[in-house]
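Data block below; observations after.
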There are 2 protein chains.
Amino acid sequence: MAIHKKDAFTQKEQGLAFFAKALSHPARIAILKVLAQRNECICGELVDLLPLAQSTVSQHLKELKNAGLINGETDGPRSCFCINWKAFEKFNAEFNFLFANLKVKNEKACC
Amino acid sequence: MAIHKKDAFTQKEQGLAFFAKALSHPARIAILKVLAQRNECICGELVDLLPLAQSTVSQHLKELKNAGLINGETDGPRSCFCINWKAFEKFNAEFNFLFANLKVKNEKACC
DNA sequence: ATCTTATATCGCGAATATACGATTAATAAA
DNA sequence: TTTATTAATCGTATATTCGCGATATAAGAT
C-alpha cells in the first residue's frame, strides 16, 4: 500500500519539493527571517522570539538543518545557527530552471 | 488544543509558507512543469503523464488551484488547466523580499 | 560533586496529507 | 434514450506533521 510514491518522480522534482517542504511552515519562515536579518549566528534567543515551546522550536530547527537551509553547531548547552545561503542559491537556480526561464514565451493568457 | 498555530505568525510568513506547501510534493512540481512547458492549457493528458491514479491527480490539481498556482475550467467531462504566472511572480517577490535582498550584506561566512 | 542553564530527544495525542478504489456528475456520441 | 468518456468527490487506510510536556544531555558555575 505504498503511500508516498515520491520515488516515481525525478531527482529534480523531488529535490525541489523537499526544499519547498522545509519552507512550508510559517514558524520555519520566521526562523529563517530572523537568521537572515542578522550578520551572525544566532545562539539562543530564537525560542524567545517565537510563539512556540522550546521543544517545538528545536524540531523546526532540526528540519531546517536537515534540509540544508541552515548551518548549526552545538557546543554543550549552547547552539548556534545561521543561514546557508548556498542552499538558497541552489533552490533559486532549480526553481528558475523549472519555471522562470519558461515564463517569457508563455506570457500569453490562456484559461 | 490548538494544533497548527499558524495564526500566531504574520500574514507574509503564512502566505509564503502556504505557497511553499503547494510546491512541496513532487507530483505537484511535475504537474507544474508540464503546464509550464506548453503554451496552452492542458486538457486531460495529465493523468497519463503521471504515475498516479486519476483521483490522486485530481486532488493535487485541486490543491494547486486552491493555492492559486494554476487556473482551471471544467466544462462537463473535460477540464483544462494552465499555470497562473502572476502567482509565481508574487511568490518570487515575497521570497526575495524576505531573503534574497538580505543576501549581499550577509555574504560573510559564519558557522 | 552539585546546581544551573540551554538544547536535544522521547513519547504521545490530534490534525493533515497521501493514495486508491468506488461512486457520482456532466457532457458527448450512438 | 442509452452508452461511453472524463473528471470530481467520497470513503477509507495509512503515513506524516505539529505541538507539547517530560526527560535526557552537556557544559559552565558554585
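So you know, we letter chains A, B, ... as the sequences are listed, proteins then strands, and number each from 1.
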Exercise. So B:F91 and B:F19, would you call those rings parallel, tilted or perpendicular, with 30° and 60° as cut-offs?
Worked result: parallel
Exercise. Expressed in angstrom and rounded to an integer, what is the separation of A:F18 atom CZ from C:dA17 atom C1'?
Worked result: 17 Å
Exercise. Taking for each residue the nucleotide of DNA chain D with the nearest heavy atom, is it A:G76 or A:A27 whose nucleotide lies nearer the 5' end?
Worked result: A:A27
Exercise. Is B:F18 reachable from B:I70 through a run of hydrophobic residues whose side-chain heavy atoms are each under 4.5 Å from the next?
Worked result: no
Exercise. Just to confirm, is there a sub-4.0 Å distance from OP1 or OP2 of C:dA8 to any side-chain nitrogen or oxygen of A:T74?
Worked result: yes
Exercise. Between the side chains of B:T10 and B:E13, does any donor sit under 3.5 Å from an acceptor?
Worked result: yes
Scan nucleotides 28-30 of chain C against the protein and return all N/O pairs shorter than 3.5 Å with their distances rounded to 0.1 Å.
none

Exercise. If only side-chain N and O atoms of A:K6 are considered, is one of them under 4.0 Å from the OP1 or OP2 phosphate oxygen of C:dT18?
Worked result: no
Exercise. So B:H60 and B:L52, side chain to side chain contact (heavy atoms under 4.5 Å, CB included) or not? Walk me through it.
Worked result: CA-CA 10 Å; B:H60 283 304; B:L52 297 170; 4.0 Å; yes
Seminar exercise, completed: note: A:E73, atom CD; D:dA27, atom C1'; distance rounded to Å ~ 16 Å
Exercise. When the nearest nucleotide of DNA chain D is assigned to B:C43 and to B:F9 on a heavy-atom basis, which residue is associated with the more 5' position?
Worked result: B:C43
Problem set entry | Whole-Å distance separating the NE2 atom of B:H4 from the P atom of D:dT16 | 16 Å
For this session: Can you tell me the distance, in whole Å, between the CG atom of B:L46 and the C1' atom of D:dA7?
Result: 12 Å
Exercise. A:F9 vs B:H25 aromatic rings, parallel, tilted or perpendicular, using cut-offs 30° and 60°?
Worked result: perpendicular
Seminar exercise, completed: Winner on side-chain proximity to A:K21, out of C:dT16, D:dA7, D:dT17, is D:dT17
Seminar exercise, completed: The correct set of residues in residues 49-70 of chain B placing a heavy atom under 4.0 Å from DNA chain C is B:L52, B:A53, B:S55, B:T56, B:Q59, B:H60, B:E63
Exercise. Can you tell me how far C1' of D:dC18 sits from CG of B:D7, to the nearest Å?
Worked result: 14 Å
Exercise. Can you tell me how far C1' of C:dA17 sits from NZ of A:K5, to the nearest Å?
Worked result: 16 Å
Exercise. Yes or no on side chain to side chain contact (heavy atoms under 4.5 Å, CB included) for B:I83 and B:L32, after CA distance, side-chain angles and deciding distance?
Worked result: CA-CA 7 Å; B:I83 278 201; B:L32 291 171; 4.2 Å; yes
Problem set entry | Closest non-hydrogen atom pair, B:A22 against B:R28 | O-NE, 2.8 Å
Exercise. Nearest heavy-atom pair of B:P51 and A:K5: which atoms, and what distance?
Worked result: O-NZ, 3.0 Å
Problem set entry | Note: A:E94-A:K12 ion pair, threshold 4.0 Å (strictly below) | no
Exercise. Would you say C:dA26 has OP1 or OP2 under 4.0 Å from some side-chain N or O of B:R78?
Worked result: no
